[in-house]
Peer 1: 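Once you've had a glance at the structure underneath, I'll fire off some questions.
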Amino acid sequence: MIAKLDKFKSTPVVRFFRENNSIYILILVIIAACISASPKFTRPANIINLTQSIGTYGILAIGLTFIFLVGGIDLSLAYQVALDGTLFVLMCNSIGFFPALLITLVLGCCIGYMNGTIVTRLKIPSLIGTLAVMTSLKGLVLILNNDSSGRAVEATLFGERLSHFYNIKLFGFLTPSHIICIIFLVALGMFLKYKRDGINMYVVGGNPEAGLFSGINNDRLTRMAFTIGGFCASFCSILVVMRMNTSTYNMGDNLDIIAICSVVVGGVKMQGGKGNMAMCIMGVATIQIINNVMTKLGMRTAMQALITGIVVILVLILDKITSNIKANNA
Amino acid sequence: MKRVLGIVLAFMMVFAFTSCKGKEKKAGTSGDAKEVSVLGDVNGDGVFTVAYIAVTTTLAPYPIDILNQFQAYADKHEWELEVYDGNGDVNTQTEQVASVISDDIVDLVVLFPVDSAAAVTYVKDFSEAGIDVITITSDVKAEGQSMVYCYVGPDQKNGLVGPGANYILEHFKAGSNYVILSGWEAQYDYIVREASVNEFFTDAGYNQLAVKYCGASRDTAYEEMSALLVANKDIDFVFALSDEFALGGVQAIKEAGYKPGDITVVSLEAFIDSMEQVKDGWIQLTVTQTGTDLMTKLAEVIYSWMAKDSIDYVQLSTGTTITADNAAEWETKLPY
Amino acid sequence: MSNLKKQLKGKENFGVVAMMVVFIAIVVALSGSSFFTTKNIANLLRSVSVMGIMSCAVTLIMVTGNIDLSLGWMIGFCAVITGQHSGNFGEAIFWAILAGIGCGAFNGFLVGILKLNAFIATLGTMYAFKGITTLYSDGRFVTKLAPSEVLKFVGQGEIGGIPTPIIIFALFAIIFWFLLKKTEFGTKVYAVGANQRSAHFSGIRAWLIVLVVYTLAGLATGVAGTVLYAKVMSVQPYSGVGLEFDVLTAVVLGGTSVTGGKGNVLGTILGVIFVGILSNGFTLIGLGSNATYITQGIVLLIAMWADVKSSGGVRS
């Protein structure tokens, strides 16, 4: 009997679930529950919408995963998105789409690098450093939006509105946000797995002193992680702008908190040193699927907030218990 | 242990979702009688379904009042009302719009946009999906107008700001000093109202001392006004862009030792609380903005949409000006 | 008193005090003498009193090396409950404090007993409290009941010319200062923050300390919610949103370290007052709140940088 059980335990599928975070079980369960709960959920149009949201918000979460990996936190992401988006639209209307795109991405990197510099050169803990940046960016965003609540993109791309390109479909289902998110996932996943800098990032977050002794430049990698975070934020803001064809002063609100919750639900450790792209996107998918099905069921936002909170806390508890069991077994 | 927890969680999820599912089914059953053609049923599922995509249904009294009125109408006429609560967040609303389109069960959309610029995109999406839209309270800007059946809402400039501004223009001569107490920075309603105030006062020669943004909090308005009264000894009148801020401002004015009428306060969006202050002469004038005002007009518009009449694009809901004369009467009539 | 002098003179709060002086000098130079009027000082202190009451308690949380992001919706919840019972002061304060203690203890349970990451756990409870508050209040602001006289006194009264909210703030500041500096409990709080493991070996039940500290913050939030309601006799459920970041700013400006083990209530009070001066000062100068946001961020950066410089640049 015990031998049988051991054999069962060592089958690849079971091993996969045992070794990885419980998130995979959770997400399967949730999807099953969603399909049984609402027939509207499985409509192709909804699946595309849902995966588009996962792609758009996923990019922000990818950036955040890097920041978490090196043991940092970025509170300013929400207002980074708002600032990047606002400036992108302003520039789009004056100098055209492609230059605006380029400048926005550079700007995103700059803000990210600035955050990294504050953390590494000024030695300010990232929580406080990015809180300060957040407050300042909030003021800037409000100044830029002083005369309007939202600013429409008047510029067109090849004679079409920007929102047209957000919904353009390759093979009937692949939209730009899917493609960009997949590119990010694959490229940055490879970076984390095969490049020296990527591998070293785990050391920076997990055990900075060991990194220091083995000759890793912790500060450089931290700055790099924050820069990737800023870059991802600017990409996310461009996708959000493309979807709405406008930028608004509050377009980043909640995005950062959702990203943090998603990444944590996926199993990335905030203390650093643990996480990968698969965890990140699975976490985003979980949160977005739950939100989507709650909207489909006609739940009010208050109820949705309550359930999201409970899910986050439950996942944390589950994670704690499983890691305790793992520790006991080892 | 892990698996047990997983299963427990799974059961909880399934239970939660299926209990909601029950509700959803029950709501759908009213559409069984297919022979009777239902007025306004465009997609032929036997029931007139209207989606109310609201900026919020919890965060501010006015949208809550609109929802209550809407729900009452829907119950009375057996409309199927699907409510989406945007929670004041553009991204949430964008997803809700996509969700409504992908569900494909809605005949008419009533849109209270979080942001009027983003609403243009929503309206375009709806028009591509063949769903008619009525926007309320914030108008979509020029580009999307041709695709909206109708805009219903208060006349922010002449209807809400106008009475107060005219009262001021009558009573104050050039050189008077004033402050504006506004709501959130960069929010549509308050931007329009602030711009309207400035437009009314362009030629009057008044000095604007400050514009203070108070969020939606009476407490902030109170603190801001207290600080302003210290900084400026010669404020002649206060223009509050909602009674919430007027009430905060009045409390600060009282505390600073002024008498009623020393500093004129005009406002809009009448609250029950402020009727007392209007009677006592602390607030000189305010204008009602209630869900009833709007819903009466909206219902008319929905009827003409059902009958496929063509009506004017802009349908303005009307408010009543409240001064010391009729404050007592309105005290019992206001919803919040 | 000598302790106070030492605090003010010492390295710990030097950066904040210096910046405060510079900022006040700029305000006075640009706006004349109105800053130093009694009325203005009273206004300034009253406007930060709600935040101050919470900041004192949050200092304890931060000293243990934890954080609470759920405070913004927690105070909304407590204030709404106060509003529902505003006819009777006893009931109002009882239920508000009970709700605050309940929420705080729940946070403490998650962080102290289950040992979850404080940042994420309180982010989760923030969502939960948001849901609970909006469901409970149905989103309406609560304002209609005839308020009791005592409640009115708590929010709008004066004792010897000093507004009651300031007195409550001062009381809380003294209590928490005493708790942290003069009692065994305070020593344990520092010990837990400095090094949880060695605290454990020296017989301190760290989980209990964390639980108590979060519950105290809940209690303070309950009182702050009551004051917030009583000040204008009206509250919206979300009026505390963003307050958690202001509180965090104030506490950190006061020299409390986010990694724990270091911090004091006196510094926090300085931080709270500084945040108040920024907003009040810009109003006196005639600049808007946007300038306040930008300056607040920059001030926080400079203060932290000065703090890190003076403490030898140890990165956490």
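By convention in this document, chain letters (A, B, ...) are assigned in the order of the sequence lines, proteins followed by strands, and residues within each chain are numbered from 1. If you're wondering where the values come from, they're calculated on a predicted model, not measured in any experiment.
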Peer 1: Side chain, backbone, both or neither: which part of C:Thr292 has an atom under 4.5 Å from a heavy atom of chain A?
Peer 2: neither
Peer 1: Applying a heavy-atom distance below 4.5 Å, give me the residues of residues 117-125 of chain C that approach chain A, sorted by number.
Peer 2: C:Asn117, C:Phe119, C:Ile120, C:Ala121, C:Leu123, C:Gly124, C:Thr125
Peer 1: At a heavy-atom distance under 4.5 Å, which candidate from A:Leu142, A:Thr308, A:Val141, A:Val133 has the highest pair count against chain C?
Peer 2: A:Leu142
Peer 1: With rounding to the nearest 0.5 Å, note down the distance linking CD1 in A:Ile258 to OH in C:Tyr127.
Peer 2: 4.5 Å
Peer 1: Shorter than 4.5 Å, heavy atoms on both sides: which option in A:Gln304, A:Met303, A:Gln271, A:Arg300 has the most such pairs with chain C?
Peer 2: A:Gln271
Peer 1: Could you grab the distance from atom OG1 of C:Thr134 to atom CG of A:Leu306, nearest 0.5 Å is fine?
Peer 2: 9.0 Å
Peer 1: What part of A:Leu137 lies closer than 4.5 angstrom to a heavy atom of chain C: side chain, backbone, both or neither?
Peer 2: neither
Peer 1: Tell me, for A:Leu127 versus chain C, whether the close heavy atoms (under 4.5 Å) come from the side chain, the backbone, both or neither.
Peer 2: side chain
Peer 1: Give, for atom OG1 of A:Thr135 and atom CG of C:Leu278, the distance between the pair rounded to the nearest 0.5 Å.
Peer 2: 11.0 Å
Peer 1: Is a donor on one side and an acceptor on the other found under 3.5 Å between the side chain of A:Lys320 and the backbone of C:Leu116?
Peer 2: no
Peer 1: Under a 4.5 Å cut-off applied to non-hydrogen side-chain atoms, are C:Leu69 and A:Ile257 in contact?
Peer 2: no
Peer 1: Other residues, nucleotides and ligands only: do more than 12 of their heavy atoms fall within 6.0 Å of CE on A:Met114?
Peer 2: yes
Peer 1: Hey, which residues of residues 293-305 of chain C are touching chain A, say heavy atoms under 4.5 Å apart?
Peer 2: C:Tyr293, C:Ile294, C:Gln296, C:Gly297, C:Ile298, C:Leu300, C:Leu301, C:Met304, C:Trp305
Peer 1: I want to check something: taking the side chain as every heavy atom from C-beta on, are A:Leu131 and C:Phe245 in contact at a cut-off of under 4.5 Å?
Peer 2: yes
